[in-house]
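Okay, structure first, notes after.
Each residue takes its place number in the sequence, starting with 1.
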Amino acid sequence: MKLTERERILRTYKRQEVDRIPMIDYAWEGTIKRWIREGLSPNTSWEEHFGFDRSIRIGFDNSPRFEKKILEKNDRYTIETTQWGVTRRVFNELDSTPDNLEYYYDSSDKWEEAKAKMLQDSEDRIQWDYLKENYPKWKAEGRFIQLELWFGFDVAHSWMIGTENLLIGMLEEPEWVEDVFDTYLTTSLNLAQKVLDAGYEFDGVFWYDDMGYKGTTFFSPETYRTLLKPYHKKAVDWAHERGMVTELHSCGYIEPLLPDIVDIGVEMLNPLEVKAGMDPNKLKKLYGDKLAFHGGINAQIMDDIDLVKAEMERIIPLMKEGGGYIFASDHSIPNSVSLVTMTEIAKLAHELGKY
């Protein structure tokens, strides 16, 4: 059978038969610029060039709208404040990671100020003009379209409160942390509902919530079950009530949390970070009858064509059994991957991904 892009992706979430595995990944800005220098047409998307599928995501601004301003700028970096109240150093080099220096909303004492601002309703929190201009085209092209929610542990600690501050709060002030999770989710769902009420239809809901790092989770399964799982479940239930599938992106080693993640009804898990200790084939055997998977190809070896080919040949055949697998790196495609190497990776993914 020949499926549209949307049909192929949607059926994969439901672990149903498809013509080939979908291929959805994300390339660094520097990676794309390298590919263009090496011969990729700047007028063609890299996804189209390599025969990848695409998912369209629409998110919202549920921030406290802290004043954004530049505090210092030089040839190496810019120090700025964000709408989440973070003072950060942003380096000029492509693909560099910002360095968070200070968190304004770093404690429960300042939380009420942030909460009040997050709950302030405003139409410009939604990209109405962008939706109006592009949505008809996406529908006509048969795109898979997701609502991107913004809530949970990861966004709270990394974007507004700070990792140590939030982890200590989870132990010493759990009521505060639960209010943080609830406010993030409530504001996100309220904005999402506005878009649905305006007549826009979506296929799924996606959210980021990195809950692990190398070899372990940030917190115990018991803590997840008590503080965070109820809000994940609320998001999944909200999506299912509106006929949408769900995908959780969680970097790091999160295998101990998977029984609870499966329990709340998440359909798709991403990105299966191999370099943090996740084993895609093991996860497929344990949860493949309940969960679909997206990712699992170690990005650290993608610049070595022999290593990555061997890894793809080891992982893809098992992961695609019975449906429910989207090919991708275990996070994103780094700028160490040349156009020639990516061409070989895409070719092999197409070959291995056929049914």
Side-chain angles (χ1 to χ4, degrees), residues 59-68 80-90 97-120 148-189 206-236 248-258 260-261 264 266 269-271 273 276-277 331:
F60 318 100
D61 176 11
N62 62 344
S63 76
R65 295 191 157 182
F66 192 85
E67 182 184 4
K68 295 194 293 183
E80 63 185 19
T81 57
T82 73
Q83 70 266 38
W84 296 96
V86 175
T87 301
R88 66 179 187 176
R89 181 187 289 113
V90 181
T97 301
D99 179 18
N100 289 351
L101 304 173
E102 185 178 353
Y103 298 88
Y104 177 78
Y105 302 112
D106 60 357
S107 66
S108 58
D109 295 338
K110 294 180 180 177
W111 166 242
E112 290 301 322
E113 177 186 339
K115 179 180 177 180
K117 292 181 178 180
M118 291 172 71
L119 291 171
Q120 288 177 355
E148 185 176 299
L149 304 183
W150 196 246
F151 77 103
F153 168 79
D154 178 46
V155 297
H157 86 80
S158 62
W159 286 76
M160 184 162 68
I161 294 170
T163 306
E164 292 182 8
N165 300 327
L166 190 62
L167 287 173
I168 292 170
M170 293 174 82
L171 291 174
E172 298 182 352
E173 299 179 87
E175 298 85 2
W176 164 48
V177 173
E178 287 184 90
D179 195 30
V180 170
F181 294 159
D182 182 66
T183 301
Y184 266 84
L185 180 57
T186 296
T187 54
S188 211
L189 291 181
F206 175 99
W207 78 96
Y208 293 99
D209 205 351
D210 297 348
M211 297 178 288
Y213 50 108
K214 190 171 183 178
T216 188
T217 56
F218 276 105
F219 38 77
S220 69
E222 292 77 16
T223 299
Y224 172 74
R225 217 168 283 135
T226 302
L227 296 182
L228 186 52
K229 181 180 177 180
Y231 301 100
H232 282 182
K233 185 177 188 305
K234 182 177 178 180
V236 171
L248 166 63
H249 169 103
S250 186
C251 289
Y253 180 75
I254 61 162
E255 186 179 329
L257 307 180
L258 289 188
D260 288 290
I261 290 170
I264 63 176
V266 170
L269 180 67
N270 166 265
E273 193 172 3
H331 192 278

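- For Y208, the ring pair (Phe, Tyr, Trp, His ring centres under 6.0 Å) partners at least two apart in sequence or on another chain are F206, H249.
- Contact record, P221 with L257: CA-CD2, 3.7 Å, taken as the closest heavy-atom pair.
- A search for salt bridge (Lys or Arg N to Asp or Glu O under 4.0 Å) contacts involving K233 returns D237, not counting sequence neighbours.
- Residues passing the salt bridge (Lys or Arg N to Asp or Glu O under 4.0 Å) test with E255 are K282, sequence neighbours excluded.
- Y103 pairs by the side chain to side chain donor-acceptor pair (under 3.5 Å) definition with N100, not counting sequence neighbours.
- Across R65 and D61, no two heavy atoms sit closer than the pair NE-OD2, 3.1 Å.
- Counting heavy atoms from C-beta outward, W176 and D109 have side chains that stay 4.5 Å or more apart.
- In terms of the ring pair (Phe, Tyr, Trp, His ring centres under 6.0 Å) criterion, Y253 has no residue partners (sequence neighbours excluded).
- In terms of heavy-atom proximity, G152 sits nearest to L228 at CA-CD1, 4.0 Å.
- Contact record, G212 with I254: N-CG2, 3.8 Å, taken as the closest heavy-atom pair.
- The CD1 atom of I264 lies 7.5 Å from the CG atom of L248; values are rounded to the nearest 0.5 Å.
- Taking CG from D209 and NE2 from H232, the interatomic distance works out to 3.5 Å, rounded to the nearest 0.5 Å.
- Aromatic ring centroids of W159 and F66 lie 6.0 Å or more apart.
- Two residues are said to be in side-chain contact when any heavy atoms from C-beta on lie closer than 4.5 Å; L269 and L258 meet this criterion.
- Crowding of W150 atom CH2: a count of heavy atoms from other residues, nucleotides or ligands under 6.0 Å exceeding 12.
- Scored by the salt bridge (Lys or Arg N to Asp or Glu O under 4.0 Å) test, E113 finds K117 as partners (sequence neighbours excluded).
- In this structure, S250 contributes its side chain and M211 its backbone to a donor-acceptor pair below 3.5 Å.
- The shortest side-chain heavy-atom distance between Y105 and W111 does not fall under the 4.5 Å cut-off.
- For the atom pair F181 CZ and D179 CG, the distance stands at 11.0 Å (nearest 0.5 Å).
- Put simply, OH on Y104 and OG1 on T82 are 13.0 Å apart, with the number rounded to the nearest 0.5 Å.
- Partners of E80 under the side chain to side chain donor-acceptor pair (under 3.5 Å) rule, at least two apart in sequence or in another chain, are R88.
- Between V266 and W207 there is a side-chain heavy-atom pair separated by less than 4.5 Å.
- Evaluation of the salt bridge (Lys or Arg N to Asp or Glu O under 4.0 Å) rule for D260 yields R225, K229 as partners, not counting sequence neighbours.
- With sequence neighbours left out, the side chain to side chain donor-acceptor pair (under 3.5 Å) criterion links T187 to N62.
- The minimum heavy-atom distance linking P64 with A114 is given by the pair CB-O, 3.8 Å.
- With sequence neighbours left out, the ring pair (Phe, Tyr, Trp, His ring centres under 6.0 Å) criterion links F219 to F153.
- Here the shortest heavy-atom pairing between L149 and A235 reads CD1-CB, 4.0 Å.
- Looking at E178, its side chain never comes within 3.5 Å of a backbone N or O of L227 through a donor-acceptor pair.
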Which atom pairs, one a donor and one an acceptor, fall under 3.5 Å between side chains of residues 160-175 and the rest of the protein, sequence neighbours left out?
residue : atom : partner : partner atom : Å
T163    : OG1  : H157    : ND1          : 2.7
N165    : ND2  : I161    : O            : 2.6
E173    : OE1  : S108    : OG           : 2.7

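- Proximity of Y224 to I261: side-chain heavy atoms (C-beta onward) are separated by under 4.5 Å at one or more points.
- Under the side chain to side chain donor-acceptor pair (under 3.5 Å) criterion, R89 pairs with D99, not counting sequence neighbours.
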